[in-house]
Number of protein chains: 2
Amino acid sequence: MKLIEKEIIAKLRRRGYKLTPQRRAVLNVIAASHEHLTPAAIYERGQQEHPGIGLVTIYRTLEMLAELGVICKVNTEGSSRSYLIRRASGHHHHLICSGCNTVVDFTTCDLGELEQKLSRKTGFKIEGHLLEFIGYCQKCQKVASA
Amino acid sequence: MKLIEKEIIAKLRRRGYKLTPQRRAVLNVIAASHEHLTPAAIYERGQQEHPGIGLVTIYRTLEMLAELGVICKVNTEGSSRSYLIRRASGHHHHLICSGCNTVVDFTTCDLGELEQKLSRKTGFKIEGHLLEFIGYCQKCQKVASA
DNA sequence: TTGGTAAATGAAAATATTTTTCAATTAGCA
DNA sequence: TGCTAATTGAAAAATATTTTCATTTACCAA
C-alpha cells in the first residue's frame with residue numbers, strides 16, 4: 001500500500017465518498033503510472049494492490065475520480081478504449097508512436113495565447129488541454145525502411 | 001448517387017483497391033457530413049445510398065479509407081466509440097465541454113514550430129497531431145452557477 | 001466484349017468492452 | 001459497538017468490433 005496524496009482523500013471525503021481499499025488500490029495504480037492506462041490495465045495492476053478487486057469496481061471508481069477531477073479521461077487511439085491518466089496540471093503533452101505505441105511526454109508548449117483567443121471567440125471556460133503528436137519513433141522508422 | 005472527388009477514387013485505384021458501390025456509398029456519406037460520424041451512423045445513412053450494405057463492410061471500408069489518409073479516425077468522448085471524420089489536413093482541434101460533451105472544432109493553430117523542435121529533439125517523424133481544450137461551454141457555465 | 005481471378009461482400013459467430021442488476025458486505029458515524 | 005447508506009463483486013445484459021467463410025463482383029487481359 002503506497003502513499004496517496006492526502007489531498008485527494010480529503011476531496012473524496014468532502015463529497016461524501018467512502019475510502020475503500022479498492023479505491024485506494026485504483027488511486028495507487030494510477031498515481032504510480034506515468035502513462036495512460038486502460039480500465040483493463042488498471043484492473044490487472046490493481047490485483048497486486050487489492051487481490052480480488054472486480055473490473056466493475058474499476059469502472060465505477062474511474063468514473064467517480066474523473067468526475068472529481070482527480071483523473072482525466074482521454075480518448076486514445078487503439079480500437080477505441082478510453083484510457084485514463086492522472087492530472088498533472090491540466091496539461092497533457094504526448095508524442096505517440098503509431099508503430100509501437102510508445103508514449104513520450106514533453107513539457108514545452110505555449111498555448112496560452114491560443115487558449116485566450118478561443119475562449120474569447122467561443123465563450124468556453126477552458127480548464128485544461130491535451131496535445132498529442134502522432135508519428136513514428138526512430139526505432140519504428142528504421143524497421144519500416146528495412 | 002452524389003459526386004465523389006475523382007482524386008479519392010484515383011487514390012483507391014492506385015493502391016489496387018476496387019471501387020465498389022458500397023465504398024462509394026461510404027465515401028458519399030462521409031463527404032456529405034460536416035461532423036464526426038460513428039460507424040453506426042454511417043451504416044444508417046449508408047442504407048439510403050446502397051440498401052443492404054452490411055455493417056461489417058462499413059467497418060472495413062472505414063479502416064481502409066483511414067489507412068489511405070482519406071478519412072481520419074478520431075477518438076471522441078462517449079462511452080468509447082471511435083468516430084470518423086474526413087481529413088482536413090492531419091490536424092484535429094477540438095474544444096470539448098466537460099458538462100455536455102459538446103465538441104466544437106476550430107482551425108487556428110500554429111504548432112509547426114513546436115513540431116519541428118520536438119522532431120529534432122526526439123527523432124520522431126511526426127505525421128499529425130491532436131489538440132483538445134477541455135472546459136465548459138457557455139450554456140454549462142450558466143447551469144453550474146445557477 | 002468476355003472470361004478468369006483476386007478482392008470484396010454479407011451473415012453469423014466470436015471477441016471485446018461497458019453498463020446494469022441485485023444480494024451481500026463494509027466504512028464511518030453516532 | 002451497532003446502524004445504515006454506500007460500496008462491492010458476480011452474473012447477465014447491452015454495446016462495439018473483429019473474424020470466418022461461402023458467395024459474389026470489379027476489373028484486367030485477351
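The figures that follow rest on heavy atoms only: side chains count, while hydrogens, waters and symmetry mates do not. Below, chains carry the letters A, B, ... as their sequence lines are ordered, and counting in each starts from 1.
Rounded to whole Å, atom P of C/dT17 lies 10 Å from atom CG of A/L55. Atom CD of B/E63 is separated from atom C1' of D/dT19 by 12 Å (rounded to the nearest Å). Taking atom CZ on B/R23 and atom P on C/dA7, their separation rounds to 11 Å, with Å as the unit. B/Y17 places its OH atom 14 Å from the P atom of D/dC27, with the value rounded to the nearest Å. When the P atom of D/dC27 is taken as reference, atom CZ of B/R14 falls 15 Å away, rounded to whole Å. Atom CG of B/L65 is separated from atom C1' of C/dA8 by 14 Å (rounded to the nearest Å). In this structure, B/L19 places its CG atom 11 Å from P of D/dC28, rounding to the nearest Å. What separates CG of B/L12 from C1' of C/dA7 is a distance of 13 Å, to the nearest Å.
Here the side chains of B/K11 and B/Y17 are not in contact, with every heavy-atom distance at 4.5 Å or above. The closest side-chain heavy-atom distance from A/E115 to A/F124 is not below 4.5 Å. At least one side-chain heavy atom of B/L65 sits less than 4.5 Å from a side-chain heavy atom of B/L12.
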Verdict with supporting geometry, B/T61 and B/T20, side chain to side chain contact (heavy atoms under 4.5 Å, CB included): CA-CA 10 Å; B/T61 304; B/T20 64; over 6 Å; no

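Put simply, B/Q22 has no side-chain N or O that comes within less than 4.0 Å of OP1 or OP2 on D/dT25. For the pair B/T20 and C/dT9, the criterion of a side-chain N or O lying under 4.0 Å from OP1 or OP2 is met. Distances shorter than 4.0 Å separate some side-chain N or O of B/R13 from OP1 or OP2 on D/dC27.
In this structure, A/R13 contributes its side chain and A/K18 its backbone to no donor-acceptor pair below 3.5 Å.
In the set C/dG28, D/dG9, C/dA11, D/dG9 carries the atom at the smallest distance from any side-chain atom of A/V56. You'll find that the side chain of B/Y59 is closest to D/dT18, out of C/dA27, D/dT18, D/dG9.
Grouping the Ile, Leu, Val, Met, Phe, Trp and Tyr side chains by contacts below 4.5 angstrom, directly or via other members, places A/L37 apart from A/V56.
Over its full length, the helix from C/dT1-D/dA30 to C/dA30-D/dT1 turns its helical axis through 40°, comparing axes from the five pairs at each end and rounding to 10°.
Summarising the local packing, CD of B/Q47 is surrounded by more than 12 heavy atoms from other residues, nucleotides or ligands at distances under 6.0 Å.
Residues A/I53 and B/K18 both approach DNA chain D. Their nearest nucleotides, taken by heavy-atom distance, put A/I53 toward the 5′ side.
In this model, a side-chain donor or acceptor of A/R60 finds a partner on the base of D/dG9 within 3.5 Å.
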